Amino acid sequence: MEKLIIGICDDQKEIVIELKKMLEAYLSAQNGSYELYLFLDGESLLGQIDKINVVFLDIEMPGMDGIELGRKIKQINPKCKIIMATGRVDRFKDAFRIHAERFVTKPFDKAEIEEALQGVALRNFGEEIMELYYMRNLYKVCQRDISYIIAYNGYTEFVVDDKVFRKETSLNEVECMLDERIFFRINRKCMVNMQWIQVYSEGAIRIGGKEFEVSRRRRKDFEQKYIEFDLRYR
């Protein structure tokens, strides 16, 4: 799972410290891998936003407010997930314009903070990059865009839309690189990305007009994992 790098930006130091303690308590209990960065103004945040993937952002700040700051964040780092913090419900509409993922209200509620972070973290899957070859040229491909993977003698093929990429490695090695939340090895030679499955019935998977068979040995584990994926991520 990708490491969570979280920023907290609020012009009130005591609020930053309060939220920091809440997040540390929750993330430590989850045994998650994370880093926290603290900011008292937008300019400081923008200087490091390229390495942050989740930010708790106060709407009401002097100078550059949270909405303006959110627009700049999305320009610099479009993948950064924004959680807006405010005591004013009337500002929620403004936050939609910067595609905020979640909203939390002040004063902070522990359960609400945890729910917001869980919701953002669950969407943050399959974003790791793999270096693959197409027509002998090297490309960087996001894991979530790979629909399925087929193993051959000494190499593997990765299907992304209508293109077939290649990597000189075994399926065992590939399996160790992939996000286990969305990929499952259905038999000795094939792995599928569960978010691309169109139909599943009695061991048969259909993806993009292709049909794949889940081995009998793996069928029970696959069905359990597929149900879990459907409940948590769709």
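Computed from a predicted structure; not experimentally measured.
Applying the salt bridge (Lys or Arg N to Asp or Glu O under 4.0 Å) test to pairs two or more places apart or on separate chains, those with a residue in residues 14-30 are K20-E24. For residues 38-59, every residue pair satisfying the salt bridge (Lys or Arg N to Asp or Glu O under 4.0 Å) rule, not counting sequence neighbours, is listed here: D58-K106. Screening residues 19-69 for ring-ring contact (aromatic ring centres under 6.0 Å, His included), with sequence neighbours left out, gives no hits. The ring-ring contact (aromatic ring centres under 6.0 Å, His included) pairs that include a residue from residues 167-191 are F184-F222, where partners are two or more places apart or lie in different chains.
Atom CD of Q198 has more than 12 neighbouring heavy atoms from other residues, nucleotides or ligands inside a 6.0 Å radius.
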Which is it for L132 and K140 under the side-chain contact (heavy atoms from CB on, under 4.5 Å) test, yes or no, and what are the steps along the way? CA-CA 6 Å; L132 307 175; K140 292 186 177 181; over 6 Å; no
Working for side-chain hydrogen bond (donor to acceptor under 3.5 Å, both in side chains), residues R216 and N187: CA-CA 9 Å; R216 290 188 178 277; N187 56 49; over 6 Å; no
Could you walk me through whether E35 and I6 pass side-chain contact (heavy atoms from CB on, under 4.5 Å), step by step? CA-CA 6 Å; E35 289 182 43; I6 303 170; over 6 Å; no
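Ion pairing between a basic and an acidic side chain is recognised when a charged N comes within 4.0 Å of a carboxylate O; K163 and D161 show no such pairing.
The shortest side-chain heavy-atom distance between R185 and N172 falls under the 4.5 Å cut-off. Looking at heavy atoms from C-beta onward, M194 lies in side-chain contact with I197 at the 4.5 angstrom threshold. Taking the side chain as every heavy atom from C-beta outward, L69 and L57 approach each other to under 4.5 Å. At a threshold of 4.5 Å between non-hydrogen side-chain atoms, the residues N53 and K79 do not count as touching. Counting heavy atoms from C-beta on, the side chains of E112 and T105 come closer than 4.5 Å. Looking at L40 and Q12, their side chains never come closer than 4.5 Å, going by heavy atoms from C-beta outward. In this structure, V55 and I83 have side chains that are not in contact, with every pair of non-hydrogen atoms separated by 4.5 Å or more. A heavy-atom distance below 4.5 Å is found between the side chains of M191 and L178.
In this structure, the side chain of D65 engages the main chain of E68 through a donor-acceptor pair within 3.5 Å. One N or O on the side chain of N77 and one on the backbone of I49 form a donor-acceptor pair closer than 3.5 Å. Checked by atom type and distance alone, the side chain of Q224 never pairs as donor or acceptor with a backbone atom of D221 at under 3.5 Å.
Annotation: salt bridge (charged side-chain N to carboxylate O under 4.0 Å, His left out) contacts of E168 (sequence neighbours excluded): R166. Residues meeting the side chain to side chain donor-acceptor pair (under 3.5 Å) test with E114, sequence neighbours left out: K110. A search for ring pair (Phe, Tyr, Trp, His ring centres under 6.0 Å) contacts involving Y134 returns F165, not counting sequence neighbours. Applying the salt bridge (charged side-chain N to carboxylate O under 4.0 Å, His left out) criterion to E115, with sequence neighbours excluded, gives R102. For the side chain to side chain donor-acceptor pair (under 3.5 Å) test, residues two or more places apart in sequence or in another chain that qualify with R219 are E213.
Of all non-hydrogen atoms in N193 and R144, the two that sit nearest each other are ND2-O, 3.2 Å. The minimum heavy-atom distance linking G42 with C9 is given by the pair N-SG, 4.1 Å.
Taking CG of L19 as the reference point, atom CD1 of I8 lies at 4.0 Å (rounded to 0.5 Å). Note that CD1 of I52 and CD1 of I76 are 10.5 Å apart. Values are rounded to the nearest 0.5 Å. Note that CE of M130 and OG1 of T169 are 8.0 Å apart. Values are rounded to the nearest 0.5 Å. The structure places OH of Y139 at 14.5 Å from CD1 of I129, a figure rounded to the nearest 0.5 Å. In this structure, K225 NZ and I186 CD1 are separated by 13.5 Å, a value rounded to the nearest 0.5 Å. Taking CG of L45 as the reference point, atom SG of C80 lies at 7.5 Å (rounded to 0.5 Å).
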Do any side-chain atoms of residues 200-207 form donor-acceptor pairs under 3.5 angstrom with protein atoms, and if so which ones, sequence neighbours left out?
residue, atom, partner, partner atom, Å
Y200, OH, G203, N, 3.1
Y200, OH, E223, OE2, 2.7

Show me the donor-acceptor pairs within less than 3.5 Å that the side chains of residues 147-160 make with the rest of the protein, sequence neighbours left out.
residue, atom, partner, partner atom, Å
S147, OG, V159, O, 3.1
T156, OG1, K167, O, 3.4

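Each of I17 and L117 belongs to its own hydrophobic cluster when Ile, Leu, Val, Met, Phe, Trp and Tyr are linked at side-chain heavy-atom distances under 4.5 angstrom. When the side chains of ILVMFWY residues are joined at heavy-atom separations under 4.5 Å, either directly or via intervening members, V199 and Y226 end up in two distinct hydrophobic clusters.
Grouping Ile, Leu, Val, Met, Phe, Trp and Tyr by side-chain contacts under 4.5 Å, direct or through others, puts Y133 with L138.
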